[in-house]
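Below is one structure; the comments refer to it alone.
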Amino acid sequence: METNFDIIVVGGGHAGSEAAHAAVRMGCKVALMTMSEETIAQMSCNPAIGGLAKGQIVREIDALGGLMGLAIDKTGIQFRVLNRRKGPAVWGPRAQADKWQYKAAVQQMLKELDNLTIIEDTISDLIVEDNIATGVLGGSGTRYTGKAVILTTGTFMRGLMHTGLEQQAGGRVGEQSAEGISDSLAKAGLTLERLKTGTPPRLDAETIDFEKTEVQYGDDEPMPFSYLNEKVECDQITCWITYTNATTHEAIIKDLDKAPMYNGQIDSTGPRYCPSIEDKVVRFADKERHLIFLEPEGRGSNSIYCNGISTSLPKETQEKLVHSIPGLENAKFLRYGYAVEYDYVPPEQIRATLECKKINGLFLAGQINGTSGYEEAGGQGLMAGINAAQKLLGKEPVILSRDQAYIGVMIDDLVTKGLDEPYRMFTSRAEHRLILRSDNADERLTPIGFEIGLVTQQRMDQFNAKLTQLEKIREFFETKKHQGKKLADCLKQHGHDENWLMDEVPEINEFGIHKYVILKAVNDVRYSGYVAREKRLIEKFQKVEGLPLPKNFDYHKITQLRYEAQEKLNKFQPVNLGQASRISGINPADITVLMIFMDGQLSGVSKKSSS
């Protein structure tokens with residue numbers, strides 16, 4: 001068996017798949033190590049891709065040349081754009097997936113890569129020599145060597161599953177935990193902590209009375225995630241909605257002493273924005289009911305994912321609470337809900353490239369960094385693969401800024417703010433969300449993907465053709481008059497959206513341009529004033545934002561800084577003034593001190609150079 005590679009990717013989830021794919025496409029010889037080839041890209045939790053802010057991340061992954069958008073377009077079973085009633089900055093594309101077809105689609109795309117070797121093995125140790133990651137030791141005893149290692153371990157590092165008082169080692173049902181990696185990371189000097197996540201029951205669709213639930217349909221015309229696709233060809237299936245009630249809540253409260261999160265069995269932190277049903281009932285005691293989405297896990301499958309009742313309560317309590325819900329009175333369980341605790345590496349220990357500060361050549365991506373969600377993991381995996389490849393190729397790293405991508409916001413948040421609960425992306429986290437829309441990710445990122453060799457010439461040609469179409473439409477908006485006014489001015493009026501345009505100016509259809517391109521052009525015109533103002537603010541801040549700070553610097557040497565600021569800056573080691581300004585506990589006065597210090601440093605360098 002081949003044991004020497006450029007890059008070794010450990011873990012075959014959504015982060016690992018994107019990392020391996022990106023690194024291979026950029027010219028590296030890659031090993032993807034997984035416990036089972038069959039579970040690569042498995043949807044361990046909800047069978048869906050996208051959503052609020054998450055949908056933007058998927059489109060960014062696609063714009064850079066990643067896998068996730070292509071896979072969901074092939075395997076989606078219901079597509080919806082969330083937040084349609086609000087502005088396009090917060091629209092969230094989302095799709096239910098056939099979870100078996102989804103992982104098969106990703107696996108097929110990976111198998112088509114010539115320089116990728118998929119290895120079924122566990123990891124017993126990380127090989128670190130002189131603070132440089134040089135490979136891994138497999139559970140089989142085989143030594144795999146590489147010039148960089150990317151860890152994407154998900155919930156498997158010392159994973160422990162809980163259902164009531166029952167405990168079982170494992171990262172997810174039916175799969176063992178990874179025990180050796182945590183010790184290796186600790187031995188190498190990294191700090192590890194614990195987080196918790198959970199999953200709801202799966203029920204047999206044939207035992208659910210859907211007459212007692214509300215039907216939820218997909219959009220009339222599914223919007224694709226990938227910019228390579230103009231439309232999605234699929235017969236959409238329905239989902240359903242139901243609610244908890246007082247009886248449900250009573251059953252939960254009665255057995256709280258058996259809930260691992262409330263009896264002391266679990267002391268790690270769970271996701272605040274995706275809480276268990278126990279948390280919801282306790283924290284929101286005034287709520288009479290909580291929403292539950294009944295989501296099919298696949299086309300033709302009987303398995304229904306109960307989105308909204310994630311739980312680790314005992315099996316008998318889960319049966320009581322589920323059977324108290326309208327439509328689920330006689331529902332048969334296919335799988336009980338459970339919680340899983342796992343180790344993660346607090347992300348102040350990584351750089352914006354996702355490379356560890358203490359271990360050269362070791363990159364971390366996904367839940368190992370404390371995030372939750374397939375999309376967050378995929379975005380990190382993609383960037384870890386890109387930056388590991390760039391490092392090996394002797395090229396500059398790719399660091400997306402907060403005004404370039406939600407992926408940039410996420411990574412910047414991780415490395416400057418740290419976390420005390422699983423990180424989930426929201427549109428509210430992005431201060432430049434008006435620019436980071438789901439309809440313009442290609443304009444923001446596809447040229448970058450092409451420059452680094454991840455985006456193909458075919459995709460770039462298609463992108464350039466779209467830009468030509470957009471320019472043609474914009475020119476039409478500026479020159480065409482409607483009732484004596486420029487069409488561009490008309491589109492800025494309330495209610496004059498793309499539907500108004502199609503009705504009032506039917507010749508727009510004669511352009512032969514796809515409706516999504518027209519929608520993009522309309523959004524550009526309608527929000528042009530706000531976008532221009534936003535860009536002026538960004539340009540103003542960038543003059544200070546990019547001022548570099550010294551690497552591995554001891555900030556205690558800057559005696560004018562407050563002690564708290566010295567401690568925080570030493571902990572996070574920001575690469576520039578912008579990162580420093582976003583660290584919790586750093587105030588404007590601290591930034592002023594840093595600016596004065598850096599100005600003095602630069603002046604000193606300039607004087608030495610001139611002499």
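In this text the structure is predicted, and so the values were computed from the model without any measurement.
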- Using the six-membered ring of Y342, assess whether NZ or CZ of R158 lies under 6.0 Å from its centre and within 45 degrees of the ring axis. no

- Pairwise side-chain contact, R194 with Y344, heavy-atom cut-off 4.5 Å (strictly under): no

- Message: Just to verify, what does K258 make a salt bridge (Lys or Arg N to Asp or Glu O under 4.0 Å) with, not counting sequence neighbours?
- Response: D255

- Message: What I want to find out is whether R94 reaches E295 closely enough, with some N-O distance under 4.0 Å, to be called a salt bridge.
- Response: yes

- Could you tell me whether E329 atom CD has more than 12 heavy atoms of other residues or ligands within 6.0 Å of it? yes

- Query: Could R289 and Y243 be counted as a cation-pi pair, given that NZ or CZ must be under 6.0 Å from the ring centre and within 45° of the axis?
  - Reply: yes

- Message: Between E206 and N302 (side chain of the first, backbone of the second, donor and acceptor by atom type, cut-off under 3.5 Å), is there such a pair?
- Response: no

- Query: Distance-only, no hydrogens or angles: does the K357 side chain make a donor-acceptor pair with backbone N or O of F572 under 3.5 Å?
  - Reply: yes

- Quick check: does any side chain N or O of E567 sit under 3.5 Å from a backbone N or O of E564, one acting as donor and the other as acceptor? no

- Message: Has R437 got a side-chain atom pairing as donor or acceptor with R433's backbone, closer than 3.5 angstrom?
- Response: no

- Message: Please verify the inter-ring angle class for F333 with H323; under 30° counts as parallel, over 60° as perpendicular, anything in between as tilted.
- Response: perpendicular

- Do the charged groups of R402 and D413 touch, with an N to O distance under 4.0 Å? yes

- Are E348 and K571 within salt-bridge range, i.e. N to O under 4.0 Å? yes

- Message: Checking the side chain of K287 only, and the main-chain atoms of V281 only, is there a donor and an acceptor separated by less than 3.5 Å?
- Response: no

- Task: Indicate yes or no: does E297 engage R202 in a salt bridge with an N to O separation below 4.0 Å.
- Result: yes

- Look only at the side chain of T371 and the backbone of G366, and say whether a donor-acceptor pair between them is shorter than 3.5 Å. yes

- Taking C-beta and beyond as the side chain, do F225 and M68 meet within less than 4.5 Å on heavy atoms? no

- Message: Do the side chains of K520 and D439 get close enough for a salt bridge, i.e. N-O under 4.0 angstrom?
- Response: no

- Query: Going by the side-chain hydrogen bond (donor to acceptor under 3.5 Å, both in side chains) test, which pairs reach into residues 82-92, not counting sequence neighbours?
  - Reply: none

Side-chain donor-acceptor pairs of residues 216-223 under 3.5 Å, sequence neighbours excluded:
from : atom 1 : to   : atom 2 : distance (Å)
D219 : OD2    : V81  : N      : 2.8
E221 : OE1    : K515 : NZ     : 3.3

- Message: Tell me whether Y374 contacts the main-chain N or O of N46 through its side chain, where contact means a donor paired with an acceptor under 3.5 Å.
- Response: yes

- Nearest-0.5 Å distance, CG of residue D343 to OG1 of residue T153: 8.5 Å

- Query: Should the heavy atoms of other residues, nucleotides or ligands under 6.0 Å from CZ of R562 be counted, would the total exceed 12?
  - Reply: yes

- Query: So does K103 pair up with E38, basic N to acidic O under 4.0 Å?
  - Reply: yes

